[in-house]
Colleague: 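The structure is given below, and queries will be raised subsequently.
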Amino acid sequence: MGVIHRPRVAWESARVFVAAANADAYWWLSEMVGRHLGVMYELKLAETRLRLQLEDASYAETAAWRARLDELLHDHAELIPLMLQLVTETSDRLHRSTTA
């Protein structure tokens, strides 16, 4: 694996998390976030889902998640491979649900 750019991982993760928050992939991602990142992140994802259902807040939510995840990955760089796996799997799940 080449050099991993932490802010890029945070950005891509935020983009995918917000897309999944308003899709069927939410249920899987929510469980994985709770299991691997903790209940507070799981609750933040639930709040994101609620905001997206009430208003068009995708840009604000993506920015909030980018900052949140960048801080997490800065403090816990060992989570970067896990985050990359979550993004890959969630993206696959989003793609399957749109093509099914």
Side-chain angles (χ1 to χ4, degrees):
M1 184 184 303
V3 174
I4 297 175
H5 189 247
R6 187 194 76 245
R8 178 67 183 165
V9 173
W11 170 252
E12 186 63 16
S13 300
R15 188 187 65 75
V16 170
F17 278 28
V18 171
N22 212 16
D24 289 340
Y26 167 79
W27 304 107
W28 178 86
L29 180 61
S30 178
E31 182 181 336
M32 294 298 106
V33 165
R35 179 181 304 161
H36 296 291
L37 304 181
V39 70
M40 292 309 296
Y41 288 92
E42 185 177 10
L43 290 173
K44 291 292 184 187
L45 190 60
E47 290 172 1
T48 293
R49 181 175 173 83
L50 181 60
R51 274 191 215 91
L52 292 174
Q53 291 174 346
L54 296 175
E55 58 186 282
D56 183 16
S58 60
Y59 291 118
E61 288 300 315
T62 301
W65 274 101
R66 192 224 34 94
R68 187 178 296 130
L69 294 173
D70 191 46
E71 183 177 331
L72 174 69
L73 296 175
H74 179 268
D75 294 344
H76 300 282
E78 72 276 6
L79 292 176
I80 290 174
L82 170 69
M83 193 63 63
L84 291 170
Q85 286 179 311
L86 284 176
V87 167
T88 299
E89 178 64 25
T90 304
S91 295
D92 289 346
R93 287 171 181 266
L94 285 167
H95 179 71
R96 284 192 305 251
S97 70
T98 60
T99 60

Colleague: Please state whether the rings of Trp65 and Tyr41 are parallel, tilted or perpendicular, taking 30° and 60° as the class boundaries.
Modeller: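 Because their plane-to-plane angle lies in the 30° to 60° range, the rings of Trp65 and Tyr41 count as tilted.
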Colleague: Do Arg49 and Glu42 sit within salt-bridge range, that is, some charged N less than 4.0 Å from a carboxylate O?
Modeller: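 Result for this pair is no, no salt bridge flagged.
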Colleague: Any chain of hydrophobic side-chain contacts (each under 4.5 Å) joining Leu43 to Leu29?
Modeller: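 In one cluster with Leu43: Leu29, no.
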Colleague: When clusters are formed by joining ILVMFWY residues with side-chain heavy atoms under 4.5 Å apart, either directly or through shared neighbours, do Met32 and Val18 land in the same one?
Modeller: yes
Colleague: Pair up each side-chain donor or acceptor in residues 66-85 with any protein partner under 3.5 Å, not counting sequence neighbours, and list the distances.
Modeller:
residue	atom	partner	partner atom	Å
Asp70	OD1	Arg6	NE	2.9
Asp70	OD1	Arg6	NH2	3.4
His76	ND1	Glu78	OE2	3.3

Colleague: Do you know the tightest heavy-atom contact between Leu45 and Ala21?
Modeller: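 Result for this residue pair: CD1-CB, 4.2 Å.
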Colleague: Show your reasoning for whether side chain to side chain contact (heavy atoms under 4.5 Å, CB included) applies to Leu94 and Tyr26.
Modeller: CA-CA 9 Å; Leu94 285 167; Tyr26 167 79; over 6 Å; no
Colleague: What is the distance from atom CG of Leu37 to atom NZ of Lys44, rounded to the nearest 0.5 Å?
Modeller: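 Answer rounded to 0.5 Å: 14.0 Å.
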Colleague: Step by step, would you call Arg51 with Glu47 a salt bridge (charged side-chain N to carboxylate O under 4.0 Å, His left out)?
Modeller: CA-CA 6 Å; Arg51 274 191 215 91; Glu47 290 172 1; 3.7 Å; yes
Colleague: In this structure, would Leu86 and Met40 fall into the same cluster of hydrophobic residues linked by side-chain contacts under 4.5 Å?
Modeller: no
Colleague: Would you indicate whether the side-chain heavy atoms of Thr62 and Phe17 approach each other to under 4.5 Å?
Modeller: no
Colleague: Report the distance from atom CZ of Arg93 to atom OG1 of Thr90, rounding to the nearest 0.5 Å.
Modeller: 7.5 Å
Colleague: Between atom CG of Leu50 and atom CD of Glu55, what is the distance when rounded to the nearest 0.5 Å?
Modeller: 9.0 Å
Colleague: Working to the nearest 0.5 Å, report the span between CZ of Arg96 and OG of Ser91.
Modeller: 10.5 Å
